[in-house]
Engineer: 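Sharing a structure with you now.
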Protein chains: 2
Amino acid sequence: MNVTGHTSRPASIRDVATAAGVSYQTVSRVINNHPSVKHTTRERVQAAIDELGFRRNVTAHALASGRTRAVTVLTANTTHYGYASILQGIEEAARAASYAVGIGVLESADEAAVAAEVQRAADAGGGLVVIAYDPAGVAALGAVPAALPVVGVVETPATPPGGDRPWVWTDDRQAAYEATRHLLSLGHETVHYVAIPSSTRRTSAARTTGWRQALQEAGAPEPRPLQGSWGPAGGHAAGLELAKDPAVTAVLCGNDDLALGVLRALHESGRSVPGEVSVTGFDDAPHSAYLTPSLTTVRLDFTGLGRAAFALLHGVLEASAQIAPHPVSVPELVVRESAGPPPAKP
Amino acid sequence: MNVTGHTSRPASIRDVATAAGVSYQTVSRVINNHPSVKHTTRERVQAAIDELGFRRNVTAHALASGRTRAVTVLTANTTHYGYASILQGIEEAARAASYAVGIGVLESADEAAVAAEVQRAADAGGGLVVIAYDPAGVAALGAVPAALPVVGVVETPATPPGGDRPWVWTDDRQAAYEATRHLLSLGHETVHYVAIPSSTRRTSAARTTGWRQALQEAGAPEPRPLQGSWGPAGGHAAGLELAKDPAVTAVLCGNDDLALGVLRALHESGRSVPGEVSVTGFDDAPHSAYLTPSLTTVRLDFTGLGRAAFALLHGVLEASAQIAPHPVSVPELVVRESAGPPPAKP
DNA sequence: CTGAAAGCGCTTACAG
DNA sequence: CTGAAAGCGCTTACAG
């Protein structure tokens, strides 16, 4: 009880109606911006809303209307730069549209575990955005029931899907192609590749495809890609391998963390960068410009990708909303210190 | 309509009741594990639940029961390592307890903006976790209405709060103290400090306090702390300043990203690390072990902190849940390559 | 332009 | 141990 004798329960539309001297339907019309409300009535109701600090109960709204203004993001990871930035972009756009954003982490690609997480996300109501850069994400995207509004954030598809496919991506195949061409143009005979984990077992990942394409076009030998992980430890392990082979002069890495590990491994192996070996990354994480040597990499607009994913979902959920075109923005090669010409031949 | 003639609307407790030949209250009792249900009845109901793929409508449950199994995380950032790891810890613990997790980003510390975000989070129902490492987070924690269940993730408080204060923290004051002592024990006459943005304007941040305490105990001169930011750019700017002063031989940085920027600035200024200047970080981000030189830093258990925050909130929301003790885990100094003895005096 | 009724899918007392 | 009634706070037709 507060001093006025009311309980501290939040005001409902009935309380507002009583205070404004109207029925509660009229209050409902006002909060839903229904056109057919007399101007003076609307003002009276609005005054009562402000005075009582009324906020529509989102739970009751969801139950009665059958629609929840919410998006749940399903992702295998929240700490890697790309994933976290996509999440940030989604949240930013969702907030602007007054949508709640939920998050569910996919701890494994195991079928039952993925199904359970998708179910949990579906239970929340609203729409889904699935980050499908890895097996768990791809499995989740595939496990979403057809009736559920969902947008996938995916690698560059091998074949462009139909326009009705609610997918967004940055053209990372093209980006890998250009980064590889850059290294070849510097004079390297070929480019080795340290891959991020592939999203599927069947087809080659987009970055791998772009790298391979550039090599083939140049008629360069095509070394076996090294399987890395998402973090620097995997890059370090791969870098130690590569350092053993004196023929290696250029290494394309699937992301900046991998590149960081490769850089460290080359240093430990006594091979200078970029003097003896050139290294490039992928993503342009905030720290990459401050490494020594600073990292030549490809900048990807992850937050823009997240915003685009939400815009697309918003369009599916509400006919009024705009549908953003996809792919969103063109990746950009950022040339820094870690790549240069190969050492002169003896 | 599907082949059986039913609409594809999800099954409700009434559908389950019909299928099992009981009233829908009995179904409610079964899904809520109410003890007074005959064993055979329970089995019949459970069979119907499984067959129909029934899932309790969380919205209706929330509206009818008045309790939402959800936590909303309010944070100024989702991409920095510490923040993202705390979020991951919260999500992990929440998932294990079958709680939904929502996220709201605090884009500014502006009073109105913060109030709006807190309102949005409150609208979601359930409890709140506020990451209060910065002015926006501190403002949000202060703006949460008293009636709302909330746990704050905070810097080490200047004075330990009462046991009823639902706060969690790692002892970063102690950690800064120990890192500073480590540098002093190496023989440095004093230690300079590049600070993360302070959480409040009034009191000194916990890390600053720990650093200062170590200097005072050692009778070392107390240089003015340099104001950094959260990212490497701030560290770079501060590092350029410090590099100008030949008396600087040891730098404590408020986090690893700052340290990365300082490392780069010293490199650009031609000062070797750790030969001429020692540098230490804070957090032990995944890449810090792979920098060259690898970073001496303090490891903080952010995911553990997130899990503890959720456990505390869970205890507030459900009497049955355990309350975790706080602070959670002791920070640990990780000695690597970036810090060593000062250069010999000429 | 505004109001009275029914209902969203559950839970919470209250009966029996 | 099980069922019928009322209600959570809204929205959605349906009247007027």
Side-chain angles (χ1 to χ4, degrees), chain A residues 6-46 48-49 52-70 98 100 122-126 318, chain B residues 6-46 48-49 52-70 98 100 122-126 318:
Chain A
H6 299 97
T7 67
S8 55
R9 168 179 61 75
S12 73
I13 56 172
R14 287 171 210 267
D15 300 326
V16 174
T18 305
V22 297
S23 75
Y24 62 82
Q25 286 89 338
T26 299
V27 177
S28 176
R29 287 195 186 91
V30 170
I31 62 182
N32 288 302
N33 283 315
H34 193 96
S36 63
V37 177
K38 207 204 297 181
H39 184 69
T40 55
T41 308
R42 186 183 298 276
E43 285 191 327
R44 233 166 351 119
V45 170
Q46 190 57 54
I49 286 174
L52 297 177
F54 168 81
R55 306 213 104 213
R56 172 211 265 148
N57 181 313
V58 296
T59 302
H61 173 262
L63 181 59
S65 72
R67 57 185 73 240
T68 309
R69 294 173 68 85
S98 295
D123 287 348
E318 301 181 23
Chain B
H6 299 97
T7 67
S8 56
R9 168 179 61 75
S12 72
I13 56 171
R14 287 171 211 267
D15 300 325
V16 174
T18 304
V22 297
S23 75
Y24 61 83
Q25 287 89 337
T26 299
V27 177
S28 176
R29 287 192 186 92
V30 170
I31 62 182
N32 289 301
N33 282 315
H34 192 97
S36 62
V37 176
K38 209 206 294 182
H39 184 69
T40 56
T41 307
R42 184 183 300 276
E43 285 190 328
R44 233 166 352 119
V45 170
Q46 190 57 53
I49 286 175
L52 297 177
F54 167 80
R55 303 214 105 213
R56 172 211 265 148
N57 181 314
V58 296
T59 302
H61 174 262
L63 182 59
S65 71
R67 59 186 73 240
T68 310
R69 294 173 69 85
S98 295
D123 286 348
E318 300 181 22

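So that the names make sense, note that chain A is the first sequence line, chain B the second, and so on, each numbered from 1.
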Engineer: Does C/dT2 have its OP1 or OP2 closer than 4.0 Å to a side-chain nitrogen or oxygen of A/T41?
Structural biologist: yes
Engineer: What integer distance in Å separates A/R67:CZ from C/dG7:P?
Structural biologist: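 It works out to 20 Å between those atoms.
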Engineer: Between B/T40 and B/A64, which residue's closest nucleotide on DNA chain D lies nearer the 5′ terminus?
Structural biologist: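 Checking each residue's closest nucleotide, the 5'-ward one belongs to B/T40.
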Engineer: Between atom CZ in B/R55 and atom P in C/dG9, what is the gap in whole Å?
Structural biologist: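 So the two atoms are 17 Å apart, to the nearest Å.
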Engineer: Mapping A/S36 and B/Y24 onto DNA chain C by nearest heavy atom, which one lands closer to the 5' end?
Structural biologist: A/S36
Engineer: Here's a test of your reading of the structure: between A/R44 and B/F54, which maps to the more 5' nucleotide of DNA chain C?
Structural biologist: A/R44
Engineer: Rounded to whole Å, how long is the line connecting atom CZ of B/R9 with atom C1' of C/dG7?
Structural biologist: 12 Å
Engineer: Is any side-chain N or O of A/S23 closer than 4.0 Å to OP1 or OP2 of C/dG3?
Structural biologist: yes
Engineer: CG of A/N32 versus C1' of D/dA13: gap in Å, rounded?
Structural biologist: 14 Å
Engineer: Can you check whether B/S12 has a side-chain N or O nearer than 4.0 Å to OP1 or OP2 of C/dG9?
Structural biologist: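 Negative; the distance criterion is not met.
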Engineer: Less than 4.5 Å apart, any side-chain heavy atom of A/R29 and any of A/T41?
Structural biologist: no
Engineer: Is there a side-chain contact between B/T26 and the phosphate of D/dG3, meaning an N or O under 4.0 Å from OP1 or OP2?
Structural biologist: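 Checking B/T26 against D/dG3: at least one side-chain N or O falls below 4.0 Å of OP1 or OP2.
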Engineer: Taking atom P of D/dG7 as reference, at what distance in whole Å does atom CD1 of A/I13 sit?
Structural biologist: 16 Å
Engineer: Measure CG/B/L63 against P/C/dT11 and give the value in whole Å, please.
Structural biologist: 11 Å
Engineer: Does the pair A/E318/A/R67 count as a salt bridge with the N-to-O cut at 4.0 Å?
Structural biologist: no
Engineer: Return the OG to NE2 distance between A/S28 and A/H34, rounded to the nearest 0.5 Å.
Structural biologist: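 Reported to 0.5 Å precision, the distance equals 9.5 Å.
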Engineer: OP1, OP2 of C/dC10 versus side-chain N and O of B/S28: anything below 4.0 Å?
Structural biologist: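 Result: no.
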Engineer: Judged by each residue's nearest nucleotide on DNA chain D, which is more toward the 5′ side, A/R14 or B/H34?
Structural biologist: B/H34
Engineer: Considering just the side-chain nitrogens and oxygens of A/N57, establish if one lies under 4.0 Å of OP1 or OP2 belonging to D/dC8.
Structural biologist: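 For A/N57, the contact criterion (side-chain N or O under 4.0 Å from OP1 or OP2 of D/dC8) is not met.
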Engineer: Using a distance-only criterion (donor-acceptor N/O pair, under 3.5 Å, no hydrogens), is the base of D/dG3 paired with the side chain of B/R29?
Structural biologist: yes
Engineer: Looking at side-chain heavy atoms only, is the closest gap between B/V58 and B/R69 below 4.5 Å?
Structural biologist: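 Heavy-atom side-chain distance check fails, nothing below 4.5 Å.
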Engineer: B/R69 CZ to C/dC10 P: how many Å, rounded?
Structural biologist: 16 Å
Engineer: Which nucleotide in the list D/dT2, C/dG9, D/dT11 gets nearest to the side chain of B/K38?
Structural biologist: D/dT2
Engineer: If I take atom CZ from residue B/R42 and atom CD1 from residue B/I31, how far apart are they, to the nearest 0.5 angstrom?
Structural biologist: 11.5 Å
Engineer: Quick one: B/D123 CG to D/dG9 C1', roughly how many Å, whole number?
Structural biologist: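 Computing the B/D123:CG to D/dG9:C1' distance gives 14 Å.
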Engineer: Kindly point out which of D/dC8, D/dT11, C/dT12 is positioned nearest to the side chain of A/R56?
Structural biologist: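 Nearest to the side chain of A/R56 among the choices is D/dT11.
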Engineer: Going by purine N1 to pyrimidine N3 plus the second Watson-Crick contact, or the G-U wobble pair, all under 3.5 Å, which nucleotide sits opposite D/dA13?
Structural biologist: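 Check on D/dA13: unpaired, no WC or wobble geometry under 3.5 Å.
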Engineer: Measure from the side chain of A/H61, starting at C-beta and using heavy atoms only, and say which of D/dC8, D/dC10, C/dC10 lies closest.
Structural biologist: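 Shortest atom-to-atom distance from the side chain points to D/dC10.
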Engineer: So with a 6.0 Å cut-off around CZ of B/R55, is the heavy-atom count from everything else above 12?
Structural biologist: yes
